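All values derive from a computational prediction rather than experimental measurement. To find a chain, count down the sequence lines: A is the first, B the second, and so on, and within it residues start at 1.
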Amino acid sequence: MHYWLMKSEPDVFGIDHLAERPRQTEPWDGVRNYQARNMMRDQMQVGDLAFFYHSNTKPPGIVGIVEISRAGYPDHTAFDPNDPHYDPKSDPDNPRWFMVDVTLQRRLARKITLDELKTRPELAEMRLVQKGNRLSVMPVEPDEWQAILALENKSVFP
DNA sequence: GCCAACGTTGGC
DNA sequence: GCCAACGTTGGC
C-alpha cells in the first residue's frame, strides 16, 4: 500500500470530468516522463490511494482522493498518430509508456491549496513543495498523507 | 503571458 | 559521453 499525488490541469481533465465517467474511472494516460512512468509501471498497486491535484489553475491544490483501480499497463494513446500524446518510438510490441486506471474515491471538503501546504512545517520535505518540482506523479509519505488529511477539516487558511 | 527549472535530443 | 539547443511544466 502506497500513497501518491497525481497532477492534472482542470481545464484538460479535472475531478469533475472523472466524476462524470462511467464507474467514475478513467485511465491516467498521456504521461510522458520516465520517472512518472516507472512509478506507474512498477510501483502502483490496486488499492493504493492518490491525491488528485489541480495544476495550472488559480489556486493550484489538492481537490480529491482517487484509488488505483488497475495497475500499470501500456498507454495505447502513444500508438495513435492522431492522439496528441502520440509517440512514434512506442509500439505495441515494446511499449514505452504506461498508465494506470484511477477511480474517484471522494472529493475533499475543500481545496487544500499549494500555498497552504507550503506553510506547514510538517510538509516542508514534501516533494510537491520543493523548488523546481515538475513531476506529475509522485509518492507521498504516509505521515505527509495523514498531515494533509488533517488539514481538510480545519478552518480555511487565513 | 512570462520564465525558471527541468528533461530530452542529437551533433560532435 | 558531453553539452547546447530545444521543448515542456507549472507557478506566478
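- Among the heavy atoms of the strands, none lies under 4.0 Å from A/K58.
- In this structure, the OH atom of A/Y34 is 14 Å from the C1' atom of C/dG7, given to the nearest Å.
- If you take CZ of A/R127 and P of C/dG11, they are 15 Å apart, rounded to a whole angstrom.
- Note: CG (A/L135) to C1' (C/dT8) measures 13 Å, nearest angstrom.
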- Task: For the pair A/W28 and A/D101, evaluate side chain to side chain donor-acceptor pair (under 3.5 Å) and give the outcome as yes or no after the intermediate values.
- Result: CA-CA 6 Å; A/W28 201 264; A/D101 286 356; over 6 Å; no

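- Of the possible polar contacts, one joining the A/K7 side chain to the A/L135 backbone as a donor-acceptor pair under 3.5 Å is found.
- Distance A/K7 NZ to B/dC6 P: 12 Å, rounded to the nearest Å.
- Although no hydrogens or angles enter the test, the distance criterion places a donor-acceptor pair under 3.5 Å between the side chain of A/E152 and the main chain of A/A109.
- Of the possible donor and acceptor atoms, one in the side chain of A/T113 sits under 3.5 Å from a partner among the backbone N and O of A/E116.
- One can place CG of A/N56 at 17 Å from P of B/dA5, the figure rounded to the nearest angstrom.
- In this structure, A/Q35 reaches the sugar-phosphate backbone alone: every heavy-atom distance under 4.0 Å involves primed, P, OP1 or OP2 atoms, never a base.
- Side chain A/R32 to base C/dT8: no donor-acceptor pair is found below 3.5 Å.
- The A/R134 side chain lies nearest to C/dT9 when the options are B/dT8, B/dT9, C/dT9.
- Within the 4.0 Å cut-off from OP1 or OP2 of C/dG11, at least one side-chain nitrogen or oxygen of A/Y53 is found.
- Rounded to whole Å, atom P of B/dT8 lies 12 Å from atom CG of A/D87.
- In this model, the phosphate group of B/dA5 is approached by a side-chain N or O of A/K131 to a distance below 4.0 Å at OP1 or OP2.
- Ranking C/dG11, B/dG7, B/dG10 by closeness to the A/K89 side chain, first place goes to B/dG10.
- Evaluated for a side chain to side chain donor-acceptor pair (under 3.5 Å) with A/D75, the options A/R32, A/R96, A/R37 yield exactly one hit, A/R32.
- Looking at the side chain of A/K118, the nearest of the listed nucleotides C/dG10, C/dG11, B/dG10 is C/dG11.
- In this entry the distance linking CZ of A/R37 with P of C/dT8 reads 19 Å, nearest Å.
- Out of C/dT9, B/dT9, C/dG11, the shortest distance to the side chain of A/R96 is found at B/dT9.
- Rounded to whole angstrom, the span from the NZ atom of A/K111 across to the P atom of C/dG11 amounts to 10 Å.
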